[in-house]
Amino acid sequence: MISLVLILFASLLFTGIVGRTKSIASGRKGPDIIQPMRDIFRLWKKGSVYSKTTSFVFQIAPSIYFASVLMAILVIPFGLYKGIISFDGDFVFFAYILGLGKFFNIISAMDTGSSFEGMGASREAFFSMLVEPAFFILMGSFALFTGHTSFHEIFIYMHFNTYVSYALGVLATFVLIMIAMIENSRMPIDDPKTHLELTMVHEVMILDNSGFDLGLILYATNLKFAMYGAIIANFFIDTLPVYYSIPMFIAVQFIFAVVVGVLESFSARFRMGNNAQFIFTLTSISLLIFFSVLLLLGKFI
Amino acid sequence: MYYVITYIAVLLTTFILIPFVKVRWKGILSISLVIISAIISGIIGVRALLGIPVDIILHGTYVTGDIPIRIDALSGWFMLVINFTAVTAGIYGLQYMKMYKDQTTSISLHAILFVLAQVMLTTICIVQNVIVFLFAWETMALSLTLLVIFEYYKPDTIKAGLNYIIQSHLCIVFLSVGFIWVATRMHSFDFNAIHQFSIENPVYLSTALLFCFMLGFAFKAGFVPFHTWLPYAHPAAPSHISGFMSGVAIKIGIYGILRMILLIDANYTTVGIIILIISTFSGLYGVMLAIFQHNLKKLLAYHSVENIGIIGIGIGVGAIGIGSNNQLIATLGFAGALLHVLNHSLFKSLLFYSAGNVYQATHTINIEKLGGLIKQMPHTSALFLIAALAICGLPPFNGFISEFFIYSGLFNGLINGNLVLIISFVFAVLGLVLIGGLALLCFTKAFGTVFLGNPRHHFQKTPVEGNIYKLIPMYVIGGMLLVIGLFPNVIFNILSGPITLFTNKLSLPSVGLTAVYKITNTMQYISWCTLGVIALTATLFFIRNKVNSNKTILVAPTWGCGYVGDTSRMQYSASSFVRSYRKMAKPLLTLYKKKEEIAGVFPRHASIEISVYDKLEKWFIDYPLKQIKYFLSLFKFIQNGNPQFYILYGVFFVVMILGAPYLYNMLVIFVKFLNQL
């Protein structure tokens with residue numbers, strides 16, 4: 001329960017902090033931290049325009065996407081406390097329920113019959129397919145390292161005592177940050193600011209959504225960021241008591257948002273053709289983590 | 001025994017009746033027989049599954065010896081799978097065949113063979129005598145071939161049927177070799193003799209025997225590289241037969257593999273690792289080729305290859321579990337494999353029936369010519385969507401449950417294994433994840449191109465939704481998909497019967513015994529999650545409708561960031577959807593690209609066409625065939641069409657037959673003479 005509340009709280013401010021960091025980095029003052037939430041509330045009050053090419057798929061897709069992100073959040077633990085749902089192998093459920101959301105996003109984009117949205121759908125399907133192995137092998141290495149297969153137990157039993165395991169923790173954080181950036185289609189895979197054909201993945205899929213649905217989709221993006229931030233925070237929280245872990249959680253989310261903003265301001269987007277190679281590199285880093293865990297456990301001489 | 005004779009008599013009388021009645025009655029007689037057989041074997045199967053096995057011995061003839069009929073939980077499970085899909089295929093087929101009601105003789109044969117195929121499939125599950133088993137197998141293969149080539153006037157169909165029957169016979173060759181090997185050593189045609197053989201002989205011989213059988217069954221199941229008949233046979237057949245074959249006929253190969261694993265005590269760890277690696281390749285190869293297909297049914301056929309790979313991964317995990325004496329891994333592996341057998345038969349048959357609806361409405365099965373069918377065929381689209389979600393393994397449907405079992409087995413095996421096992425398991429995890437992602441890519445492409453967007457081709461007759469009797473069996477299957485997703489604990493309890501057969505092979509004390517009880521707990525959680533997803537979606541949708549009810553909702557052309565273009569030429573086609581993937585996968589596949597570029601300043605006609613050819617088919621079938629043809633063409637001079645030569649061959653043959661004993665005696669005398677020197 002506590003992790004759900006914390007993630008919801010973090011999601012309210014996350015995109016605002018990212019935006020503020022980017023503005024300060026480019027020398028402006030920038031909008032308020034809660035400005036993105038104001039935009040979303042405004043959208044929730046507006047009417048909608050639907051395309052006549054679309055069908056019932058377009059109507060139900062944003063609700064299903066939002067529901068899938070919420071269900072995924074219910075699995076994430078917070079230090080000592082498990083998430084509302086916790087069972088052996090729940091990270092498989094986590095990945096696949098997010099896949100359900102992606103499926104509906106992709107087909108709602110195909111539903112509009114526009115070349116622009118089809119392009120976004122094609123790229124989203126391709127990139128998310130490439131990033132899945134990285135996540136699974138990462139979780140597999142943790143399962144091997146700790147001997148358990150649920151999020152809650154993996155994070156409780158993960159102890160960083162040797163130097164090698166610290167290095168592994170750093171590498172794992174890097175992989176998770178990159179996975180978060182790819183899943184939300186931010187730099188360096190995709191530039192959410194430019195609305196140019198060559199550079200969009202996620203932004204282009206939602207061009208025809210409007211009103212309440214668009215508000216749901218934008219808020220779901222915030223939730224996804226906060227969700228990945230919560231997973232990263234779990235690395236550092238370990239088994240600290242509540243009055244230490246909550247401030248640490250907030251600090252980690254804040255630092256994550258600032259890092260995202262800095263990455264977005266100071267790096268250029270990759271050429272779209274090179275994205276596949278970059279995402280595959282993540283899988284190889286995960287494999288590196290896996291073999292290091294094997295080394296640590298002494299099974300691989 | 002008398003029940004069996006009555007049953008066969010009823011079947012034969014109806015078969016003789018069918019050619020004489022009117023076309024409408026042929027179908028109804030056929031489907032009634034199917035339903036009666038399904039009910040009879042279904043009742044026996046359910047009892048066997050829930051713990052009352054059947055073990056009787058029928059007195060056979062001099063040729064076959066005693067015919068043992070043993071129906072245990074494994075047979076029961078497969079019998080239920082076969083009967084359910086046969087009934088839905090029959091009911092759907094009754095409506096589907098209305099298009100062909102002029103071909104009266106073909107329909108008689110089709111009606112008879114459909115019942116025969118179902119009866120033979122159930123016979124294969126229950127009989128444990130080698131001769132009757134091979135007889136039933138051969139009859140099933142022949143009847144399925146004749147069912148496939150219903151549209152015999154199309155040349156591709158005949159080629160597909162020939163391909164299928166030749167590969168079926170390759171399967172029978174390997175099975176016969178295995179059976180003859182056991183029969184000559186043990187002098188018995190009972191399946192228990194196979195078990196005795198594996199006990200009495202060293203482990204490497206048993207493992208070799210197991211591989212011999214598995215090679216045969218792999219042809220039938222469609223493991224790579226023995227899958228080349230699948231992508232030809234499934235599109236050529238009428239849709240209800242494609243659904244039936246994909247749902248049931250390839251599963252009988254899996255039944256064979258599982259039965260042989262139960263009967264033969266071999267080196268399970270080695271066997272498991274080899275099955276795991278072959279199945280991962282099988283799954284990856286199938287889905288990689290499926291993405292480029294333009295023929296909707298060929299796409300679904302390649303997905304069958306992929307799902308057989310997933311079932312094989314489950315079997316491999318289970319076998320490794322038996323080998324490393326780990327109860328948890330064995331349970332999870334076999335649970336995943338057995339459940340995926342049921343799941344795949346359900347959602348693949350639903351996909352083929354939807355494809356059949358699309359074909360009968362539009363008379364084309366080429367994806368690139370379809371589009372926007374969701375407006376005219378809403379029920380078919382909704383059912384295709386549900387089946388597509390299930391086949392990608394997404395919650396809340398049943399595909400997720402079986403893949404979850406297999407993943408749990410893989411991750412638990414990862415934790416408990418030695419280095420070799422860990423490497424194989426990680427490879428399998430990598431493979432399974434890529435398979436899931438590629439399946440998502442492929443089915444979003446298929447659903448999006450066929451049903452969504454604007455129509456890409458103007459049809460003279462507007463496509464209409466299939467009639468209600470076609471939709472009823474499809475909705476029943478759709479309901480089953482949801483029910484299995486919602487109540488996985490019930491399904492897991494039902495599966496405990498067949499799984500116990502496999503875990504009885506573990507020697508106590510085994511590792512992970514207590515962890516098995518946690519599985520029911522996990523299933524309960526997943527059940528809550530599935531319910532949660534559906535409830536959450538429904539709540540959100542309800543809130544959205546409430547909020548939108550007093551706002552202005554307008555309908556306008558697609559905005560697309562200012563590119564207001566309503567034509568179908570502007571939307572993404574299937575080939576464009578998979579373009580980025582094609583660039584990545586090009587080195588692994590044989591792709592043919594036909595491109596007409598735009599030359600000059602003003603737009604002219606341009607086109608691009610991409611097709612894929614199966615590389616393994618080129619290596620394993622086309623190249624050896626070419627060499628065999630070349631070798632045999634050297635002996636062309638023997639068949640020169642001259643009757644005088646043929647008379648000469650006949651005379652030569654008769655002289656050899658008559659003179660052979662005499663020649664043999666002469667040879668013996670000559671050798672004796674030489675020895676005396």
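Nothing here was measured: the structure is a model prediction, and the numbers come from that model. We name chains A, B, ... by the order of the sequence lines, and we start the count at 1 in each one.
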Q: Specify the closest pair of heavy atoms between B:Gly532 and A:Met71, including all atoms of both residues, with the distance to one decimal.
A: C-SD, 4.0 Å
Q. Do you know which two heavy atoms are closest between A:Val49 and B:Ala556, and how far apart they sit?
A. CG1-CB, 3.9 Å
Of the backbone (N, CA, C, O) and the side chain (C-beta and beyond), which part of [X] lies under 4.5 Å from a heavy atom of chain B, both, or neither?
X	result
A:Ser86	backbone
A:Ile137	side chain
A:Glu124	neither
A:Thr283	side chain
A:Phe280	side chain

Q | Interatomic spacing from CZ in A:Phe103 to CG in B:Leu394 - rounded to 0.5 Å | A | 7.0 Å
Q: Considering only heavy atoms and a distance below 4.5 Å, find which of B:Pro395, B:Ala382, B:Gly448, B:Cys392 pairs most often with chain A.
A: B:Pro395
Q. Looking at the rings of A:Phe93 and B:Tyr525, which for Trp means the six-membered one, are their centres under 6.0 Å apart?
A. no
Q) Does the gap between the ring centers of A:Phe136 and B:Tyr407 come in under 6.0 Å? A) yes
Q) Among A:Gly47, A:Ser68, A:Ala276, A:Ala109, which residue forms the greatest number of heavy-atom pairs with chain B at distances under 4.5 Å? A) A:Gly47
Q.
Between B:Ser576 and chain A, with a heavy-atom cut-off of 4.5 Å, which part of the residue counts as in contact: side chain, backbone, both or neither?
A. backbone
**Q.** side-chain contact (heavy atoms from CB on, under 4.5 Å) between A:Phe116 and B:Tyr572, worked out
**A.** CA-CA 8 Å; A:Phe116 228 166; B:Tyr572 250 50; over 6 Å; no
Q. Regarding B:Thr558 and A:Ser114, is there a side-chain donor-to-acceptor distance under 3.5 Å anywhere?
A. no
